Protein chains: 2
Amino acid sequence: MQNRQYHHGDLRNSLIEAGIELINREGTSQLSLRKVAALCGVSQAAPYSHFQSKEDLQDAIRDYVIVQFMEVLENSIKDCTDQNNPRLLIQMGKNYVMFFIKNPQYFPFVFSQQCMEVNLSLDGDDTRNFPPFQLLKTKAVPILSKLGMSKEKMEDAIISMWATVHGLASIATMKNVHYNKDWETKIEDIIWNK
Amino acid sequence: MQNRQYHHGDLRNSLIEAGIELINREGTSQLSLRKVAALCGVSQAAPYSHFQSKEDLQDAIRDYVIVQFMEVLENSIKDCTDQNNPRLLIQMGKNYVMFFIKNPQYFPFVFSQQCMEVNLSLDGDDTRNFPPFQLLKTKAVPILSKLGMSKEKMEDAIISMWATVHGLASIATMKNVHYNKDWETKIEDIIWNK
DNA sequence: ACACAATCTTGACACCGTTAAGATTGTAAC
DNA sequence: GTTACAATCTTAACGGTGTCAAGATTGTGT
């Protein structure tokens with residue numbers, strides 16, 4: 001691992017982390033393979049030993065961000081003793097929005113492209129489902145079942161929940177949005193107001 | 001207006017329409033000044049006589065799309081005899097989502113950047129507010145007032161309504177979304193389910 | 001007829017993603 | 001230890017991009 005000539009040692013991960021740094025510093029639109037390579041001190045074509053294309057690197061960075069996102073969501077409900085309390089869903093929703101308010105650059109990056117599978121239906125294949133929505137599904141189904149909700153209504157309700165928090169995150173992370181209240185304390189009121 | 005040498009005649013509008021065509025045909029990411037110029041039969045630098053930058057052209061195209069969008073929203077409620085019927089808000093919401101389902105390319109384009117002002121609060125300056133949200137505001141306030149809703153709750157409710165339909169549009173226009181039902185007939189159920 | 005401003009072209013620059021060809025290095029087999 | 005091989009990285013080049021400077025063309029008003 002000497003003074004790194006040629007072999008970097010851990011270039012793949014370094015490229016991902018440099019990409020994260022670039023997105024945070026200059027925004028999603030400023031992410032480029034050449035800048036990321038330069039940040040890692042390698043030539044412009046070096047990334048192609050680890051990624052097939054820029055989109056491939058973006059996918060890897062996206063996965064990296066989603067892992068962080070999932071940690072936040074899971075931490076937000078791990079203290080709930082009663083896993084059947086509807087408050088659990090509010091907690092998750094609140095943290096969904098706050099994650100992107102705290103990292104506004106991540107929102108257009110995570111949702112810019114087409115790269116993730118989403119299964120909105122309650123039946124069907126969930127194996128490759130977008131992890132945050134899959135988490136909502138698995139947590140919401142038992143809670144709503146206990147409330148006596150039909151399967152049809154349940155599907156609508158779960159989509160509605162995701163749409164609300166996702167839309168709120170989208171709106172709150174827009175650049176020229178003026179809101180004279182504190183998101184952290186208001187999100188809950190807004191979500192409830194359905 | 002002969003056989004257009006040099007002076008095109010209506011290049012500014014032609015560039016905007018060519019941009020629209022390009023977005024519909026190849027997607028937002030494929031929009032480029034040079035392609036748009038080529039579509040209009042002018043040189044690569046010609047657009048700079050009418051737009052300061054690519055972003056400036058994008059803003060003009062965005063305005064053009066938003067005008068179409070506003071026509072759809074206004075048409076969706078012009079037949080409502082009772083302007084105080086809450087159904088009016090559902091109608092608008094449904095058409096908000098359907099506009100982007102019918103034109104999926106427009107969603108990432110209209111909401112990609114930072115160029116529009118948004119005032120979420122009920123007070124404050126609405127003169128340059130994002131027109132679709134401003135329309136929702138002006139229509140929702142009298143309806144919710146008649147229902148006896150407080151101003152504080154009203155603000156939350158209006159934000160919540162926008163978030164829900166906006167999130168629904170965002171989700172429905174994602175590329176790899178699987179939904180085994182018809183959006184047109186289900187949107188209303190999903191919105192109601194709050 | 002002239003002057004001027006608006007409009008458009010040509011040519012260049014830096015940056016970008018991507019590829020081909022080849023150089024360097026770690027590793028496993030002998 | 002030497003040798004072969006695969007992985008990794010570099011250099012050089014291609015076409016595409018936004019942008020700017022210089023100058024050519026044209027409509028318009030004096």
Side-chain angles (χ1 to χ4, degrees), chain A residues 1-63 105 108-109 112-115, chain B residues 1-63 105 108-109 112-115:
Chain A
M1 193 183 282
Q2 307 98 343
N3 211 354
R4 42 189 72 98
Q5 305 159 341
Y6 255 84
H7 286 60
H8 176 285
D10 193 23
L11 184 55
R12 201 191 128 92
N13 286 325
S14 296
L15 291 167
I16 292 174
E17 284 165 17
I20 295 272
E21 188 184 333
L22 207 50
I23 290 172
N24 281 315
R25 183 156 22 108
E26 306 184 15
T28 299
S29 67
Q30 292 303 308
L31 178 68
S32 86
L33 276 179
R34 294 173 106 106
K35 281 184 193 169
V36 165
L39 276 176
C40 294
V42 294
S43 74
Q44 90 256 152
Y48 285 90
S49 293
H50 302 274
F51 301 100
Q52 289 186 359
S53 63
K54 182 187 182 182
E55 200 181 344
D56 196 20
L57 171 62
Q58 281 173 322
D59 289 348
I61 299 177
R62 199 187 330 270
D63 289 345
Q105 323 80 353
F109 180 72
S112 60
Q113 298 290 101
Q114 64 278 11
C115 316
Chain B
M1 196 187 282
Q2 306 99 343
N3 212 354
R4 42 190 73 101
Q5 305 158 341
Y6 254 84
H7 286 59
H8 176 284
D10 194 24
L11 185 55
R12 200 192 131 92
N13 286 326
S14 297
L15 290 168
I16 292 174
E17 284 165 17
I20 295 273
E21 188 185 334
L22 207 49
I23 290 172
N24 280 316
R25 185 157 19 110
E26 305 183 16
T28 299
S29 68
Q30 291 304 307
L31 179 68
S32 87
L33 276 179
R34 295 173 104 107
K35 281 184 192 168
V36 165
L39 276 177
C40 293
V42 294
S43 74
Q44 91 256 155
Y48 285 90
S49 293
H50 301 274
F51 300 100
Q52 289 186 359
S53 64
K54 183 187 181 182
E55 201 182 343
D56 196 21
L57 170 62
Q58 281 174 321
D59 290 349
I61 300 177
R62 199 186 330 269
D63 289 345
Q105 324 81 352
F109 180 72
S112 61
Q113 297 289 101
Q114 64 279 10
C115 316

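It should be emphasised that the depicted structure is a prediction, and the values quoted were computed from it without experimental measurement. Chain naming here is simple, since letters A, B, ... match the order of the sequence lines and numbering starts at 1 in each. Heavy-atom basis, side chains included; hydrogens, waters and symmetry copies ignored.
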Indicate every side-chain donor-acceptor pair of residues 9-16 of chain B with a distance under 3.5 Å to a residue at least two apart or in another chain.
from: D10(B); atom 1: OD1; to: N13(B); atom 2: ND2; distance (Å): 3.1
from: D10(B); atom 1: OD2; to: N13(B); atom 2: ND2; distance (Å): 3.4
from: S14(B); atom 1: OG; to: D10(B); atom 2: O; distance (Å): 3.0

Check residues 31-46 of chain A and write down every donor-acceptor pair under 3.5 Å in which the side-chain atom is one partner and the other belongs to a residue at least two apart or another chain.
from: S32(A); atom 1: OG; to: K35(A); atom 2: N; distance (Å): 3.0
from: K35(A); atom 1: NZ; to: E26(A); atom 2: OE1; distance (Å): 3.1
from: K35(A); atom 1: NZ; to: Q30(A); atom 2: O; distance (Å): 3.2
from: K35(A); atom 1: NZ; to: Q30(A); atom 2: OE1; distance (Å): 3.0

Nucleotides 11-16 of chain D: protein proximity per nucleotide (B base, S sugar-phosphate only, - neither; heavy atom, under 4.0 Å): BBB---

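In this view, S53(A) and E55(A), D56(A) satisfy the side chain to side chain contact (heavy atoms under 4.5 Å, CB included) rule, not counting sequence neighbours. Qualifying side chain to side chain contact (heavy atoms under 4.5 Å, CB included) partners for D63(B), counting only residues two or more places apart in sequence or in other chains: none. The salt bridge (Lys or Arg N to Asp or Glu O under 4.0 Å) test applied to E17(B) returns no partner, not counting sequence neighbours.
Contact of the F51(A) side chain with the Q58(A) side chain is not registered, since no non-hydrogen atoms from C-beta on lie closer than 4.5 Å.
Listed in residue order, the members of residues 19-28 of chain B having a heavy atom less than 4.0 Å from DNA chain D come to none.
Computed from coordinates, the Q52(B) CD to dT7(C) P distance equals 14 Å when rounded to whole Å. Atoms CG (L33(B)) and C1' (dT19(D)) sit 9 Å apart, rounded to a whole Å. Rounded to whole Å, atom P of dG27(D) lies 15 Å from atom CG of L11(B). Atom OH of Y48(A) and atom P of dT19(C) are 6 Å apart (whole Å). Rounding to whole angstrom units, CZ of residue F51(A) and P of dT8(D) are separated by 12 Å. Rounding to whole angstrom units, NE2 of residue H50(B) and P of dT19(D) are separated by 16 Å.
Candidate nucleotides dT18(C), dT8(D), dG18(D) were compared by shortest atom distance to the side chain of K54(B), and dG18(D) ranks first.
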Extract from the structure each pairing of a protein N or O with an N or O of nucleotides 3-6 of chain C at less than 3.5 Å, listing the distance.
none

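To the nearest 0.5 angstrom, I20(A) atom CD1 is 10.0 Å from Q105(A) atom CD. Atom CD of residue E21(B) and atom CD1 of residue I61(B) lie 11.5 Å apart, to the nearest 0.5 angstrom.
With the nearest nucleotide of DNA chain D identified for both G41(A) and Q30(B), G41(A) has the one nearer the 5' end.
The salt bridge (Lys or Arg N to Asp or Glu O under 4.0 Å) analysis of residues 36-49 of chain A, with sequence neighbours excluded, yields no pairs.
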